[in-house]
Amino acid sequence: MPKTFFITTAIDYTNSPPHIGHAYEKVLADVIARYHRLKGDSVFFLTGVDQHGQKVQQSAAKAGVPPAEFVKEITQKFVDLWKILDVKYDEWAETTSERHKKVVQGILQRLFDAGQIYKDKQAGYYSVRQEQFLTDKERGPDGEFGSEWGQVEFREEENYYFRLSQHKDWLLSYLDNRKDAVIPNFRQTELRNAVEKLSGDLCISRPKSRLDWGIELPFDKDFVNYVWFDALTNYISFAGYDPKADNYEKQPQEFRDRWSKDTLQIIGKDILVPAHGIYWLIMLHAIGFPNDAMPQLLVHGWWNLGGAKMSKSAGNVIDPFVLADKYGAEALRFYLVSDIATGKDADFSEERVIERYNADLANSLGNLLNRTLSMVSKYVSGRLRTTAISLNDESKQIPAGEPISLPTRSGEPMSLPNAKELGLRELIENSPRIYVRAMESSLISLALVIPGEISEHCNRLVQNTAPWQLAEDPMQNELLSAVMYHLAEALRIIAVLISPVLPKAAHGIFDQLNWKMDLSGNDKRFSLADAEWGKLPDGHVVGKAVPLFPRIES
RNA sequence: GCCAGGGUAGCUCAGUGGUAGAGCAGGGGACUCAUAAGCCCUUGGUCGGGAGUUCGAAUCUCCCCCCUGGCACCA
């Protein structure tokens with residue numbers, strides 16, 4: 001049994017600086033990782049960069065610097081962004097590192113020795129200028145290669161191939177026997193269909209004459225590894241994998257504690273087929289990983305711009321540094337995981353960033369915190385009193401309603417109580433259970449509905465009990481205290497629930513509530529066990545009100 | 001071309017057989033603890049088009065149109 005929750009993201013290609021899509025994937029992973037830490041799990045979160053390959057070599061040449069230097073600069077931008085966005089990983093993967101190189105070469109040698117890798121010769125049309133072989137796709141309408149390719153010549157080239165097709169039947173049976181190998185569901189269907197059509201093996205090398213920015217094949221000094229065994233292997237090489245141990249069972253305890261069928265690999269929809277869904281799973285199988293040590297693939301969608309795909313060539317790339325600077329890391333994190341359904345695409349809009357921030361964070365939650373502390377200070381001298389009064393159906397004279405069914409867009413349906421028909425206490429006491437279900441399915445936007453509902457409910461409670469009137473009547477003292485206590489407890493629990501997405505804001509709420517001050521600023525402060533009613537003690541004195549999410553005025 | 005996903009209110013999206021929904025935006029009202037926030041009420045849709053099945057279709061079937069992704073096609 002794994003003792004650690006292991007989560008990975010795709011490693012980013014250091015050919016160009018990060019854009020909003022990179023930021024989304026890492027924030028999503030970070031939120032899931034933080035959720036597991038919140039539950040008390042030990043977590044190993046791995047992310048990093050892919051530094052080898054032809055495009056890097058070309059970009060470096062164009063910039064007039066050695067590839068190693070070029071890669072270092074771009075890598076730093078990714079590291080900087082994760083720091084700004086509070087993406088807290090446990091290990092950082094760089095494919096040019098010695099440690100990684102040893103694993104890649106060790107695996108290649110083992111597969112070569114086992115006859116899984118062979119040399120073959122192929123021929124085709126080659127563009128000298130672009131340094132690449134051309135396919136029919138590159139041919140113009142007249143069947144000729146355009147002038148942009150420069151001189152095109154017929155060439156023969158030897159390369160090494162991995163016996164991919166030998167494992168096709170295994171992959172099909174694996175997918176048929178594990179319904180959640182890939183989530184969302186329809187992506188697994190897509191993968192299954194692609195595997196059916198799989199034929200041929202995988203070219204895994206480039207002659208050094210063409211590409212030398214890569215890991216040398218251990219069994220042939222004239223070639224470097226090409227892409228797959230370099231990029232994909234990072235997931236295990238930075239988790240303690242020993243390339244000399246020829247199967248999973250012989251791996252070091254440290255590695256086996258981390259890597260299991262519960263390992264969650266977050267990738268974009270563009271790299272499921274064939275890279276992760278086919279190449280990676282087959283590679284793992286080929287190096288001795290059993291079916292019950294196959295990772296789960298979580299495939300996310302993309303942020304589009306006005307329905308268009310974001311791309312450098314279209315000139316519509318959104319710079320996450322600019323956004324974080326303008327609106328703050330928390331606002332950006334919140335937007336990226338709340339305004340998209342995990343697995344689906346969404347439209348990115350800066351107006352929406354502001355809209356969601358103002359509506360959900362500033363107006364609803366931030367203002368609730370502010371008005372609550374202000375009232376506690378004014379009406380009960382900043383001191384909370386526990387109470388026997390349970391405010392459960394004050395806002396509407398409606399009994400607790402039937403739970404309504406919420407769609408999960410990418411998985412099984414789940415039910416969420418109709419918050420307007422639940423009392424505040426009832427809502428809060430049911431919250432962790434519902435929240436956990438949404439989070440376990442990686443449906444972050446759905447999970448965030450819960451603290452949102454609590455917040456709205458509290459705002460209604462204030463309106464309907466009018467503490468400013470209660471404060472004028474000594475006979476209403478107990479009810480007044482009860483309202484104040486309910487609001488403070490609700491805020492404390494909201495802070496716990498939002499902490500994976502908004503760690504800084506959660507700290508802010510705790511600080512203002514004057515709760516767990518000895519752990520102020522330390523993420524150990526957050527525990528799902530605290531999302532339980534009644535932890536604020538009788539006589540607790542709250543802190544000073546400071547606007548938590550200042551409105552963004554446009 | 002093949003395989004998927006999508007086309008529902010101004011915007012972003014829920015809703016898979018039983019009288020069209022939410023959030024935001026827009027309009028009106030009462031309140032004042034608060035970040036001119038919050039609360040209550042409200043305008044707004046021939047559910048991409050067409051045909052069919054059914055007592056009844058956004059939902060099931062067929063055809064078509066448009067958008068998106070993957071593959072076919074990067075040795």
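Below, read A as the first sequence line, B as the second, and so on, with proteins coming before strands; counting in each chain starts at 1. Reckoned from all heavy atoms, side chains included, excluding hydrogens, waters and symmetry mates. Please read all numbers here as calculations on a predicted model, not as lab measurements.
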Is [Y] paired with [X] through a side-chain N to carboxylate O contact shorter than 4.0 Å?
X         : Y         : answer
Glu157(A) : Arg210(A) : yes
Arg551(A) : Glu553(A) : yes
Lys208(A) : Asp222(A) : no

Starting from [atom2] on [N], measure out to [atom1] on [X] and report it in whole angstrom.
X         : N      : atom1 : atom2 : value
Leu446(A) : A22(B) : CG    : P     : 17 Å
Asn185(A) : C3(B)  : CG    : P     : 19 Å
Asn304(A) : G5(B)  : CG    : P     : 17 Å
Trp228(A) : C74(B) : CH2   : C1'   : 10 Å

Name the pairing partner of [N], where a pair is Watson-Crick or G-U wobble with both distances under 3.5 Å, or state none.
N      : result
U54(B) : none
A4(B)  : U68(B)
C13(B) : G21(B)
U46(B) : none
U32(B) : none

The side chain of [X] lies closest to which of these nucleotides: [options]?
X         : options                : answer
Asn370(A) : G5(B), C13(B), A34(B)  : A34(B)
Asn459(A) : C39(B), C33(B), A37(B) : C39(B)
Arg352(A) : U12(B), C2(B), A4(B)   : U12(B)
Val462(A) : C33(B), C71(B), C13(B) : C33(B)
Lys269(A) : U68(B), U12(B), C33(B) : U68(B)
Ser374(A) : U35(B), A34(B), C71(B) : A34(B)
Asp270(A) : C39(B), C13(B), G70(B) : G70(B)
Trp468(A) : C39(B), U35(B), U32(B) : U32(B)
Lys344(A) : G6(B), G69(B), C2(B)   : G6(B)
Asp347(A) : C40(B), C33(B), U12(B) : U12(B)

Categorize [X] for me: base, sugar-phosphate, or nothing, with a 4.0 angstrom heavy-atom threshold over every strand shown.
X         : value
Ala466(A) : nothing
Leu373(A) : nothing
Arg187(A) : nothing
Tyr379(A) : sugar-phosphate
Thr189(A) : nothing
Pro550(A) : base
Asn159(A) : sugar-phosphate
Glu190(A) : base

Distance-only donor-acceptor test, Asn367(A) side-chain atoms vs A34(B) base atoms, 3.5 Å: yes
Return no unless some side-chain N or O of Arg551(A) is found under 4.0 Å from OP1 or OP2 of A37(B). yes
Are any of Asn363(A)'s side-chain N or O atoms less than 4.0 Å away from OP1 or OP2 of G38(B)? yes
When rounded to the nearest Å, what value does the distance between [atom1] atoms of [N] and [M] take?
N      : M      : atom1 : answer
C41(B) : G70(B) : C1'   : 49 Å
G38(B) : C47(B) : C1'   : 34 Å
U46(B) : G50(B) : C1'   : 14 Å
C67(B) : G28(B) : C1'   : 39 Å

Is there a side chain to side chain donor-acceptor pair (under 3.5 Å) between Glu330(A) and Tyr357(A)? Walk through the geometry before answering. CA-CA 9 Å; Glu330(A) 299 267 288; Tyr357(A) 173 90; over 6 Å; no
Are a donor atom and an acceptor atom from the side chains of Gln166(A) and Gln116(A) found within less than 3.5 Å of each other?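 Judged by distance alone, the side chains do pair up.
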Quick one about Ser364(A) and Ser455(A) (side-chain donor to acceptor, distance below 3.5 Å, no hydrogens or angles considered), yes or no?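 The answer is yes; a qualifying pair exists.
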Using the ring of Tyr226(A) (Phe, Tyr or Trp, six-membered ring only), decide whether Arg206(A) places NZ or CZ under 6.0 Å from its centre and within 45 degrees of its axis.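 Checked: cation-pi criterion met.
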Whether over 12 other heavy atoms sit under 6.0 Å from Lys119(A) NZ: yes
